Amino acid sequence: MIYSLIIKRNEMAKVLVNGYWDHGKKKEIRSYAIYGGLIPPFTMSIGSDKYIMPGWYKLNKEEELPNIEDIAFYPYKPSIRPLPAESIGKVYKVLSSKGDKEYEVNYNASGSLECSCVGYGFRRKCRHIDQITSTL
Ligand SMILES: [Zn+2]
């Protein structure tokens, strides 16, 4: 279970590319950053294609494979304040703002909270989770 969650988070890793034209070298200088995920950046080649991982950023033919130490890494961070261990496995029910729906906030084994609402599905955070976090 924990394993599959980690996979999910790594899939969310994004490679951000910044570039500027270097007039002296007459070429574009690019810098790369990984946001999210838990695995530090690495590069990978499949056939003639080169990728920055995690995030599956495919380099153009003209792009040089960067040095690993030049790739900035901003890993996924779980909640700043550790949640109480005794709450692990609990499911909290939260009413929607209109009071017409009930959402389930799940405190899972990896120590993170997941909500059943649509907003959480898109943004991986929502006010129901905030509500639970503030009460724990
Ligand atoms: Zn929610």
Side-chain angles (χ1 to χ4, degrees):
M1 190 57 202
I2 292 169
Y3 186 73
S4 72
L5 278 166
I6 290 168
I7 295 295
K8 228 169 159 183
R9 280 175 190 154
N10 287 331
E11 277 173 4
M12 283 163 59
K14 284 199 183 89
V15 180
L16 266 85
V17 185
N18 276 306
Y20 68 90
W21 186 260
D22 188 312
H23 289 279
K25 290 175 182 160
K26 293 220 185 319
K27 66 172 185 176
E28 195 187 10
I29 306 295
R30 291 198 156 176
S31 61
Y32 306 88
I34 310 274
Y35 285 89
L38 296 167
I39 299 174
F42 62 99
T43 54
M44 195 168 82
S45 300
I46 299 176
S48 59
D49 297 331
K50 296 182 179 73
Y51 297 87
I52 295 175
M53 302 291 292
W56 288 100
Y57 176 78
K58 190 179 169 186
L59 294 164
N60 295 325
K61 296 256 184 298
E62 316 83 61
E63 266 179 293
E64 287 168 32
L65 205 60
N67 293 322
I68 294 300
E69 52 272 24
D70 293 340
I71 303 172
F73 180 41
Y74 305 96
Y76 167 84
K77 282 210 180 68
S79 62
I80 297 147
R81 190 166 58 95
L83 296 167
E86 64 269 20
S87 301
I88 286 177
K90 279 189 184 167
V91 176
Y92 300 89
K93 292 193 189 293
V94 183
L95 273 182
S96 66
S97 51
K98 286 181 191 165
D100 57 342
K101 281 190 203 107
E102 203 176 59
Y103 300 113
E104 288 190 349
V105 174
N106 235 302
Y107 188 0
N108 65 40
S110 69
S112 61
L113 292 158
E114 290 180 343
C115 184
S116 61
C117 76
V118 179
Y120 178 79
F122 285 114
R123 295 183 301 271
R124 314 312 286 173
K125 60 182 179 183
C126 66
R127 31 170 240 94
H128 314 116
I129 286 179
D130 295 342
Q131 212 170 311
I132 296 301
T133 315
S134 63
T135 57
L136 286 175

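Only a predicted model underlies this, so the values are computations on that prediction, with no experimental measurement involved.
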When you look at Asp49 and Ser45, which way does the side-chain hydrogen bond (donor to acceptor under 3.5 Å, both in side chains) test go after all the steps?
CA-CA 6 Å; Asp49 297 331; Ser45 300; over 6 Å; no
Derivation and outcome, side-chain contact (heavy atoms from CB on, under 4.5 Å), residues Ile52 and Ile71:
CA-CA 9 Å; Ile52 295 175; Ile71 303 172; 4.0 Å; yes
Please determine whether side-chain contact (heavy atoms from CB on, under 4.5 Å) holds for the pair Leu16 and Tyr35, giving the CA-CA distance in whole Å, both sets of side-chain angles, and the decisive distance to 0.1 Å.
CA-CA 7 Å; Leu16 266 85; Tyr35 285 89; 3.4 Å; yes
The test is side-chain contact (heavy atoms from CB on, under 4.5 Å); show your working for Glu114 and Tyr120 and say whether it passes.
CA-CA 7 Å; Glu114 290 180 343; Tyr120 178 79; 3.2 Å; yes
Stepwise side-chain contact (heavy atoms from CB on, under 4.5 Å) check, Met44 with Ile46:
CA-CA 7 Å; Met44 195 168 82; Ile46 299 176; 3.8 Å; yes
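Distance check, rounded to the nearest 0.5 Å: CD1 of Ile129 to CD1 of Ile132 gives 9.0 Å. Atom CE of residue Met53 and atom CD1 of residue Ile34 lie 8.5 Å apart, to the nearest 0.5 angstrom. Interatomic distance, SG of Cys115 versus CZ of Arg123, reported as 10.0 Å (0.5 Å rounding). To the nearest 0.5 Å, atoms NE2 (His23) and NZ (Lys26) are separated by 8.5 Å. Taking NE2 of His128 as the reference point, atom OG of Ser116 lies at 8.0 Å (rounded to 0.5 Å). Between atom CG of residue Asn108 and atom CG of residue Leu113 there is a gap of 7.5 Å, rounded to the nearest 0.5 Å.
The side-chain heavy atoms of Lys25 and Ile29, taken from C-beta on, include a pair separated by under 4.5 Å. You'll find the side chain of Phe73 reaches within 4.5 Å of the side chain of Pro75, heavy atoms only. Looking at heavy atoms from C-beta onward, Cys117 lies out of side-chain contact with Glu104 at the 4.5 angstrom threshold.
Of all non-hydrogen atoms in Tyr74 and Ala33, the two that sit nearest each other are CE1-CB, 4.0 Å. Here the shortest heavy-atom pairing between Phe42 and Pro54 reads CE2-N, 4.3 Å.
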Scan the side chains in residues 55-66 for donor-acceptor partners under 3.5 Å anywhere in the protein, sequence neighbours excluded, and list what turns up.
unit_1	atom_1	unit_2	atom_2	d
Tyr57	OH	Arg30	NH1	3.3
Tyr57	OH	Glu63	OE1	3.2
Tyr57	OH	Glu63	OE2	3.2
Asn60	ND2	Glu63	OE1	3.4
Glu63	OE1	Arg30	NH1	3.2
Glu63	OE1	Asn60	N	2.8
Glu63	OE2	Arg30	NH1	2.9
Glu63	OE2	Tyr32	OH	2.5
Glu64	OE2	Lys27	NZ	2.9

